[in-house]
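Throughout, protein chains are lettered first and strands after them, A, B, ... in sequence-line order, and every chain is numbered starting at 1.
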Amino acid sequence: MRWVWPSAAWCYPDLLSAGVRVARCHDIALVEALLLGRDGRHGETATLAAAWARLRGERVPRQAAAASGAPQAAALRVAQQALFQPAETEWPEGDIVLDALAAVYADQLVRMATGDAPARLRLLAAAESAGALAAAEMSFDGLPWRPEVHDELLAGLLGPRPARGERPSRLAGLAEQITAAFGGRPVNPDSPSQLVRAFAADGVSVSSTRSEVLRGIDHPAAPLLLQYKELARLHAAHGWAWLDSWVTAGRFHPEYVVGGVVSGRWATNGGGALQIPRVLRRAVVADPGWTLVVGDAAQLEPRVLAALAGDRAFAQAAAAGDLYSELAGAFGGDRGKAKVALLSAMYGGAGGEAGQLLAVLRRRFPDAAGYVEAAARAGEEGRVVRSVLGRTCPPPSAAWRLATASATEPGAARSVRARGRFTRNFVVQASAADWALVLIACLRPRLTALGAPTGPSGPGRAHLVFFQHDEVIVHCREELAEPVVAAIGSAAREAGRLVFGSTPVRFPVTTAVVSCYADAKARGGP
DNA sequence: TTCCGTTGCGCG
DNA sequence: AAAGCGCGCAACGGAA
């Protein structure tokens, strides 16, 4: 039993406000996007209205402008309203909407059955739809956020909250010092071009004002600027204005965009939920009597590569605890070298000693190296590649084809290599996103099944409050912490089975039960 | 005035 | 230590 609807992003928030929770759904818009992508038609509108028009050979309604903030076409809004009007009112378009839903749904089932691996694509469609439910629920429930902790952190770093539009005292002081360091010439530290000119006037030539560039130059303004930039960024991106806009009643309510990244990762539409500075994790605190269970998939992408490639030696290493340590033997016992080799293989880097390490990787783990290199070659030749569950990368643009058609075209080789790096990384990143999405889909019903004193959908329930690529946070009553930890582990194992079948590769999730997000184990190995 | 490309940095 | 991939967001500054 599942709901079939035009878009969870549009239909579900109103239901949540009305106290209704949905277990499963089929999200027409998200599945349409997957199917269009599968057929090399990434740019086309994926709404119910567009799919319905295509099905009947009619003109496809224009896509709403992305910048307008409205993610759906107006036609779909009409459809959605009609679908959810109370039954006793007249809804003249209702039959049409239901006809469209039924017809497009049936068509999508047929199209899903026609690919190379229909079962995998159906799994991807189900997981994407479940992700849309989780995203709407997380936006609705919100991430526990203590504004007073946030304010104290800001005040400690920047000085007390300034009047609107004013620089905080710490930034104002640094700006004065920077001006003094340039011999009293006024310079706006927020303006890269002014800074480049100011450095030039002092005989220091800089290519840009990036932090890494500033770290390498000898000028009294450089260390001041490094401090200024770090604090100014915090103030601009996650300062008091952010707090006012995004945190209400002790909850941060971000807007997730499921499938917002070509690789299948989520994006955000506001609030920057996927870019929260680590220092602000101190403000994420469980309610009294509650706790946060923070789960982090350890070394997810190299493990995904091991499972994808079916490289026996590599998969054997990924069956144990620390993947890089297991691989270190092949690199003279140096864990760091193993990590560099893996990251270079997945990202396409070859600078420094990476080239040598890649050669070692190729010799010792030929199937793993061969997998990403085949993906890179496909991209360089203008072909598309797919994730393990069948999410497809976009084809090259017309501009790319033009620029790479002739070897004499300046930059042709550079464009070719860039697309190779993109497709090389896509197969890994997108397959990791597949796994994480299935993890979420498996975890939701497990959390519901844990129940609560007030019932499974009542205020005492364990619920997801955060999802960031390979990391989840569940907010639950303290007594549910252990069952939640077990649920995350069990969901991870099921995700591994569903996505990769029988493989020796394990996908361990490290969990931390904490009252404050900042106290969860720092990501990244030793 | 608004719009848009660039720069720079936060996260994975 | 940095690098290779994927993003969102804010500020700047020139164009329209």
Does [X] have a side-chain nitrogen or oxygen under 4.0 Å from the phosphate oxygens OP1 or OP2 of [N]?
X	N	answer
Arg278(A)	dG12(B)	yes
Ser208(A)	dG8(B)	yes
Lys229(A)	dC9(B)	yes
Thr209(A)	dG8(B)	yes

Acceptor/donor pairs from residues 198-215 of chain A side chains to any protein atom, 3.5 angstrom cut, sequence neighbours excluded:
{"residue": "Asp202(A)", "atom": "OD1", "partner": "Arg185(A)", "partner atom": "NH2", "Å": "3.0"}
{"residue": "Asp202(A)", "atom": "OD2", "partner": "His219(A)", "partner atom": "NE2", "Å": "2.8"}
{"residue": "Ser208(A)", "atom": "OG", "partner": "Arg210(A)", "partner atom": "N", "Å": "3.2"}

Paired stems touching DNA chain C, three or more consecutive Watson-Crick or G-U pairs with both distances under 3.5 Å? B:1-12 with C:5-16
Rounded off to whole Å, could you give me the [atom1]-to-[atom2] distance for the [X] and [N] pair?
X	N	atom1	atom2	value
Tyr256(A)	dG12(B)	OH	P	13 Å
His238(A)	dA11(C)	NE2	P	13 Å
Glu212(A)	dA2(C)	CD	P	8 Å
Leu234(A)	dA10(C)	CG	P	13 Å
Arg303(A)	dG12(B)	CZ	P	18 Å
Gln275(A)	dC11(B)	CD	P	9 Å
Asn269(A)	dC9(C)	CG	C1'	12 Å
Ile276(A)	dG10(B)	CD1	P	15 Å

With under 30° as parallel and over 60° as perpendicular, where do the rings of Tyr256(A) and Phe466(A) fit, or are they tilted in between? tilted
At 4.0 Å (heavy atoms only), tell me whether [X] reaches a base, stays on the sugar-phosphate, or touches nothing.
X	value
Gly239(A)	nothing
Thr268(A)	sugar-phosphate
Ala267(A)	sugar-phosphate
Val340(A)	base
Arg210(A)	sugar-phosphate

Is Arg233(A) side chain donor-acceptor paired with the dC9(B) base, going by distance under 3.5 Å alone? yes
Does Arg424(A) contact dG4(C) through a side-chain donor or acceptor facing the base, at a distance under 3.5 Å? no
Test log, rule side chain to side chain donor-acceptor pair (under 3.5 Å), inputs Arg386(A) and Thr392(A): CA-CA 4 Å; Arg386(A) 303 181 203 280; Thr392(A) 307; 2.6 Å; yes
Among Ile488(A), Ile473(A), Val472(A), find the one that has a side chain to side chain contact (heavy atoms under 4.5 Å, CB included) with Val293(A).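 Answer to the side chain to side chain contact (heavy atoms under 4.5 Å, CB included) test with Val293(A) among Ile488(A), Ile473(A), Val472(A): Ile488(A).
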Anything under 3.5 Å between a donor and an acceptor, one on a side chain of residues 136-147 of chain A, the other on a protein residue two or more places apart or in another chain? List them.
{"residue": "Glu137(A)", "atom": "OE1", "partner": "Arg444(A)", "partner atom": "NE", "Å": "3.1"}
{"residue": "Glu137(A)", "atom": "OE2", "partner": "Tyr12(A)", "partner atom": "OH", "Å": "2.7"}
{"residue": "Glu137(A)", "atom": "OE2", "partner": "Arg444(A)", "partner atom": "NH2", "Å": "2.7"}
{"residue": "Ser139(A)", "atom": "OG", "partner": "Ala135(A)", "partner atom": "O", "Å": "3.2"}
{"residue": "Ser139(A)", "atom": "OG", "partner": "Pro254(A)", "partner atom": "O", "Å": "2.7"}
{"residue": "Asp141(A)", "atom": "OD1", "partner": "Arg21(A)", "partner atom": "NH2", "Å": "3.0"}
{"residue": "Asp141(A)", "atom": "OD1", "partner": "Arg461(A)", "partner atom": "NH2", "Å": "2.9"}
{"residue": "Asp141(A)", "atom": "OD2", "partner": "Arg21(A)", "partner atom": "NH1", "Å": "3.4"}
{"residue": "Asp141(A)", "atom": "OD2", "partner": "Arg461(A)", "partner atom": "NH2", "Å": "3.1"}
{"residue": "Trp145(A)", "atom": "NE1", "partner": "His150(A)", "partner atom": "ND1", "Å": "3.1"}

Using a 6.0 Å cut-off, check whether atom CD of Gln194(A) has over 12 heavy atoms from anything other than its own residue. yes
So, Arg161(A) and Asp244(A), do they make that salt bridge, N to O below 4.0 Å? yes
Could you give me the CA-CA distance, side-chain angles and deciding distance for Asp296(A) and Thr510(A), then say whether side chain to side chain donor-acceptor pair (under 3.5 Å) is met? CA-CA 5 Å; Asp296(A) 185 325; Thr510(A) 62; 5.0 Å; no
Want to settle it: does Leu343(A) or His469(A) sit nearer the 5' end of DNA chain C, counting the closest nucleotide to each?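 The answer here is Leu343(A).
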For dG4(C), does the glycosidic angle fall within 90° of 0 (syn) or outside that (anti)?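 What dG4(C) shows is a syn base, its glycosidic angle lying within 90° of 0.
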Just by modelled atom types, is the Arg41(A) backbone N or O under 3.5 Å from a matching donor or acceptor in the Asp39(A) side chain? no
Could you go through nucleotides 12-14 of chain C and list every protein N or O atom that sits under 3.5 Å from one of its N or O atoms, giving the distance for each pair?
{"residue": "dC12(C)", "atom": "OP1", "partner": "Asn188(A)", "partner atom": "ND2", "Å": "3.3"}
{"residue": "dC12(C)", "atom": "O3'", "partner": "Ser191(A)", "partner atom": "OG", "Å": "3.4"}
{"residue": "dG13(C)", "atom": "OP1", "partner": "Ser191(A)", "partner atom": "OG", "Å": "2.3"}
{"residue": "dG13(C)", "atom": "OP1", "partner": "Ser193(A)", "partner atom": "OG", "Å": "3.3"}

Nearest to side-chain heavy atoms of Gln429(A), which nucleotide of dG12(B), dC7(C), dC9(B): dG12(B)
Qualifying residues under side-chain contact (heavy atoms from CB on, under 4.5 Å), relative to His469(A), sequence neighbours excluded: Arg265(A), Leu274(A)
Could you list the donor-acceptor pairs under 3.5 angstrom formed between side-chain atoms of residues 171-183 of chain A and any protein atom two or more places apart in sequence or on another chain?
{"residue": "Thr179(A)", "atom": "OG1", "partner": "Ala175(A)", "partner atom": "O", "Å": "3.3"}

